[in-house]
Amino acid sequence: MPELPEVETMRRDLQKVARGTAITDVEVLDEKVVVGEPDVFIEGLVGKMITDFDRRGKVLILRLNDGHALLGHPRMTGRFFGLKSTDALSRFARVAIHLDNNKRIVFDDIRRFGRLEVVSQAALDEAELLRNIGADALACEPGHVVQALRKRTIPVKVALLDQKIIAGIGNIYASEILFRCGLDPRTPSYRVTPDEAAAIACETANVLAEGVKYRGTTISDYRTMDGARGNYQDRLMVYGREGGTCLREGCDGIIQKIALAGRSTYYCNKCQRKGRNRK
DNA sequence: GATAATGTTCGATC
DNA sequence: AGATCGAACATTAT
């Protein structure tokens, strides 16, 4: 479930728990969530110090002092918990990383779609988890969005979910971004004007930064590292508000729910149009 | 019991 | 060849 704001919150919390610590032991409780051989994964981590905490799109990048990196992608239900070494694991715990500060980082994942991967510095860009990741959404540039949308026929909302175009936007924030732009999510990408594409770049950064500020959106499974819920769900303008009145000042439209590329999409039937000066 | 879920990938089709 | 679409993955919560 996590999108960029949720993963960024994980990054910050992980940093608090694990900065400058060394990994003393790794338990792979479910081989499915580890890319490659579990033995190789474990050997790549034990005895290493965690030096830096980065993120690209929805991928966490923990740098190790030997030049390798631990990558993590939570996909739909993955989350990280910071536990004392005596705390019990949940039944969804998949990997436990023991640290020399008497704490554990636990990767917990109900649906088992999430993945953890260890790669060398040199192989970072070819890593399974980073292979299809483009420019990060928080550094989204107008010119880049204009170019990316220009020749595509897919609905603009579907384009926003393409991690190769912009990395970090997910299904909740995509609807929120287009609401702020006043753009109909079904608009074919090639019909989005350069000005509208620039607005998308701007609102993408705005919405995601706000999501980070509120520590993410919890609708059901997402939890921060200490088990708390995010707070952005109370600020959503359209996602999950099917049938509700538009919250834009002066607009009395009704929020619609449709499916695009198989994903729920929410928009206001009055103030989100298929391109300005068009209809 | 049917349905939907904050994500990505792959095979089939256009 | 490249773009697009739907199914698949796995499991829970409602």
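Computed from a predicted model, the values in this text were never measured in an experiment. Below, read A as the first sequence line, B as the second, and so on, with proteins coming before strands; counting in each chain starts at 1.
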| query | Ion pair present between A/Arg104 and A/Asp87, side-chain N to carboxylate O less than 4.0 angstrom? | reply | no
| message | Quiz question: by atom type and distance under 3.5 Å, do the side chains of A/Glu27 and A/His98 form a donor-acceptor pair? | response | yes
| field | Protein proximity profile, nucleotides 2-14 of chain B - base contact B, sugar-phosphate-only contact S, no contact -, cut-off 4.0 Å on heavy atoms | value | ---BBBBS-----
| field | Salt-bridge present (A/Arg186, A/Asp184; N to O < 4.0 Å) | value | yes
| request: Establish, with yes or no, whether the OP1 or OP2 oxygen of C/dT4 is under 4.0 angstrom from a side-chain nitrogen or oxygen of A/Arg152. | output: yes
| message | Please enumerate all residues that pass salt bridge (charged side-chain N to carboxylate O under 4.0 Å, His left out) together with A/Asp108, with sequence neighbours excluded. | response | A/Arg79
| query | Taking the same atom, P, in B/dG11 and in C/dA10, what whole-Å distance lies between them? | reply | 16 Å
| How would DNA chain C look in dot-bracket form, 5' to 3', counting Watson-Crick and G-U wobble pairs with both distances under 3.5 Å and writing | for bases paired to another strand? | .||||||||.||||
| said: Please confirm whether the ring centroid of A/Phe92 lies under 6.0 Å from the ring centroid of A/Phe81. | reply: no
| message | At less than 4.0 Å, is any side-chain N or O atom of A/Arg91 found next to OP1 or OP2 of C/dT12? Yes or no. | response | yes
| Considering only the C1' atoms, how many Å lie between C/dT4 and B/dT6, rounded to the nearest integer? | 23 Å
| query | A/Glu31 has an atom CD; how far is it from atom C1' of C/dA10, in whole Å? | reply | 17 Å
| task | Identify whether A/Leu99 and A/Met10 are in the same connected component of the hydrophobic contact network (ILVMFWY, side-chain heavy atoms under 4.5 Å). | result | yes
| field | Proximity to the side chain of A/Thr153 - top-ranked nucleotide from C/dA3, C/dT11, C/dC9 | value | C/dA3
| task | Have a look at A/Tyr173 and tell me which of A/Thr204, A/Leu161, A/Val207 forms a side chain to side chain contact (heavy atoms under 4.5 Å, CB included) with it. | result | A/Val207
| message | Under 4.0 Å between a side-chain nitrogen and a carboxylate oxygen: does that hold for A/Asp13 and A/Arg215? | response | yes
